2 protein chains.
Amino acid sequence: MPQTDDQIAATFAPHDHRECAHRVLDEAAERLADQGARLTPVRRRTLEILLESHRALGAYEVLDRLAAEGFGRQPPVAYRALEFLVQHGLAHRLQRLNAFAACLHPGHDHHPAFLICRSCHKVAEAAAAPVREALTHVAGQGGFRVERVTIEALGLCATCAAEDAPDSTA
Amino acid sequence: MPQTDDQIAATFAPHDHRECAHRVLDEAAERLADQGARLTPVRRRTLEILLESHRALGAYEVLDRLAAEGFGRQPPVAYRALEFLVQHGLAHRLQRLNAFAACLHPGHDHHPAFLICRSCHKVAEAAAAPVREALTHVAGQGGFRVERVTIEALGLCATCAAEDAPDSTA
DNA sequence: ACCCGGATGTAATAAAGTAACGCCTTGGCG
DNA sequence: CGCCAAGGCGTTACTTTATTACATCCGGGT
Ligand SMILES: [Zn+2]
Ligand SMILES: [Zn+2]
Ligand SMILES: [Zn+2]
Ligand SMILES: [Zn+2]
């Protein structure tokens with residue numbers, strides 16, 4: 001399974017995020033090497049940018065960052081890098097947000113459910129298997145064969161709920 | 001519950017669609033009257049347009065239709081009518097498609113799961129309760145309180161699967 | 001050196017969505 | 001009736017998101 005309950009809480013709770021980023025980046029490099037895919041500078045930098053926080057970034061936010069660092073400043077630069085990362089399971093696209101987030105569990109279940117906190121805007125990945133199973137069952141009864149699912153939840157994370165404040169971007 | 005398994009199959013199978021549309025339109029008018037909301041000409045026509053098929057339409061497709069019939073030809077015309085319908089539970093927005101579909105079960109569960117056939121492009125509404133429950137449970141273990149969910153499945157409907165052809169727009 | 005495919009970069013354009021404003025109708029009220 | 005407030009409709013203008021098309025560059029194989 002992609003992540004335990006602790007990992008959901010860990011995403012939202014304050015933590016040493018450097019460690020998150022390093023771990024994922026290392027795993028990413030390794031996975032790509034296996035697949036014979038190249039982690040070029042733009043791609044690597046794009047992943048690093050996504051990894052800077054647990055928030056999802058729009059393609060144009062990423063593009064601005066890349067452009068500021070000397071990479072191309074046209075939309076395809078960002079879209080291509082992001083698409084590459086998504087295809088190789090290193091990032092996810094959030095439909096509700098038109099945004100992208102680094103995958104924190106590369107190599108595991110690549111179609112997780114997303115939990116989006118409406119207060120801190122962080123995004124956590126949750127195990128989608130049970131959810132997908134329920135959906136596949138319901139659909140199957142109607143003769144529909146599910147191939148891909150999008151599961152995104154909007155809500156309030158434990159950390160924000162504890163603060164009880166209406167907003168916090170910590 | 002919003003719909004039975006039969007209703008999923010019914011959506012995808014050939015059927016007298018006039019009947020679908022009439023039934024929903026009547027229910028819609030009734031519901032709006034209860035709520036004191038007005039089903040104005042643009043709004044009514046927008047709903048009728050969505051009801052013409054079980055496919056989801058983009059805002060601009062709807063707009064083109066409205067414009068051709070003498071309504072305004074600027075985006076807000078379509079977006080306002082669509083938003084009104086969504087807010088009153090008469091239509092749904094599909095995140096994956098950036099598109100809208102008439103709700104075929106107004107008055108019931110207003111946050112269904114959507115089953116989108118990749119071949120005929122029809123959209124069916126499935127009972128989301130069990131799915132949402134599974135998600136709420138998983139999220140809850142991580143301390144996340146789910147408030148709204150988006151559940152959309154891409155796949156193949158029974159009718160298209162039976163035809164076994166890779167594509168059919170019937 | 002030559003060629004090739006993949007990766008970058010660009011310009012240009014499409015598609016989706018929103019803000020802001022004015023006019024007109026509806027419906028309540030003196 | 002005349003008046004006003006609210007809501008609905010239409011328009012202009014604009015923002016945000018995403019794609020198409022094409023030139024260039026780089027690395028590896030021959
Ligand atoms: Zn982290
Ligand atoms: Zn939060
Ligand atoms: Zn029908
Ligand atoms: Zn189908």
Side-chain angles (χ1 to χ4, degrees), chain A residues 28-29 32-50 55-88 90-101 116 121 150 152, chain B residues 28-29 32-33 35-50 55-88 90-101 121 150 152:
Chain A
L32 288 181
D34 290 352
Q35 299 176 30
R38 298 167 53 197
L39 187 58
T40 61
V42 212
R43 292 169 178 174
R44 182 183 185 92
R45 193 68 197 105
T46 299
L47 180 54
E48 288 172 355
I49 289 169
L50 291 183
R55 297 203 309 105
L57 297 183
Y60 282 76
E61 291 180 79
V62 171
L63 179 58
D64 285 347
R65 296 286 309 275
L66 291 174
E69 297 175 20
F71 294 100
R73 41 186 65 258
Q74 304 304 322
V77 170
Y79 280 102
R80 284 196 290 236
L82 289 167
E83 186 184 2
F84 172 88
L85 294 176
V86 169
Q87 303 236 282
H88 290 80
L90 303 178
H92 297 291
R93 177 175 206 143
L94 290 140
Q95 305 283 349
R96 283 191 81 105
L97 306 178
N98 288 126
F100 301 81
I116 306 165
H121 304 116
T150 298
E152 299 179 5
Chain B
L32 288 180
Q35 300 176 29
R38 296 168 51 198
L39 188 58
T40 60
V42 211
R43 291 169 178 173
R44 182 184 185 91
R45 194 69 197 106
T46 300
L47 180 54
E48 287 173 356
I49 289 169
L50 291 183
R55 298 203 308 106
L57 297 183
Y60 283 78
E61 291 179 79
V62 171
L63 178 58
D64 286 347
R65 294 287 309 275
L66 291 174
E69 297 175 22
F71 295 98
R73 43 185 61 259
Q74 303 306 321
V77 171
Y79 280 103
R80 282 196 290 236
L82 289 167
E83 187 183 358
F84 172 88
L85 295 176
V86 169
Q87 302 234 281
H88 291 81
L90 303 178
H92 297 291
R93 177 178 202 138
L94 291 140
Q95 305 284 346
R96 285 191 79 108
L97 305 178
N98 288 127
F100 300 81
H121 304 116
T150 299
E152 300 178 7

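FYI, side chains are in, hydrogens and waters are out, and symmetry mates aren't considered; it's all heavy atoms of this structure. Not measured: the values here are computed from a predicted model. Here is how names work: the chains are called A, B, and so on, in the same order as the sequence lines, proteins then strands, and each is numbered from 1.
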- Mind calculating the distance between CG (B:L66) and P (D:dG8) to the nearest angstrom? 16 Å
- Note on the structure: Which of B:L63, B:T46, B:V62 passes side chain to side chain contact (heavy atoms under 4.5 Å, CB included) with B:V77? It is B:L63
- Whole-Å distance between D:dA18 C1' and A:Q95 CD? 13 Å
List, with names and distances, any nitrogen or oxygen atoms from the protein found under 3.5 Å away from nitrogen or oxygen atoms belonging to nucleotides 18-27 of chain C.
none

- Item | Minimum heavy-atom distance between A:R45 and A:R65, given as atom pair plus value | NH2-NH2, 3.8 Å
- Query: Who pairs with A:F84 by ring-ring contact (aromatic ring centres under 6.0 Å, His included), at least two apart in sequence or on another chain?
  - Reply: A:H88
- Between A:N98 (CG) and D:dT15 (C1'), how many Å, whole number? 13 Å
- B:L82 CG to C:dA16 P, straight-line distance once rounded to whole Å: 13 Å
- Item | Spacing of A:F71 atom CZ relative to C:dA7 atom P, expressed in whole Å | 15 Å
- Return the value, rounded to whole Å, for the distance between atom CG of B:L94 and atom P of C:dG17. 12 Å
- Item | Shortest non-hydrogen separation from A:A99 to A:A56 and the atoms involved | CB-CB, 3.7 Å
- Rounded to whole angstroms, how far apart are CG on A:L97 and C1' on C:dG17? 15 Å
- Among the candidates D:dT11, C:dT8, D:dC9, find the nucleotide nearest to the side-chain atoms of A:T40. C:dT8
- A:L63 atom CG is separated from C:dG9 atom P, nearest whole Å, by 11 Å
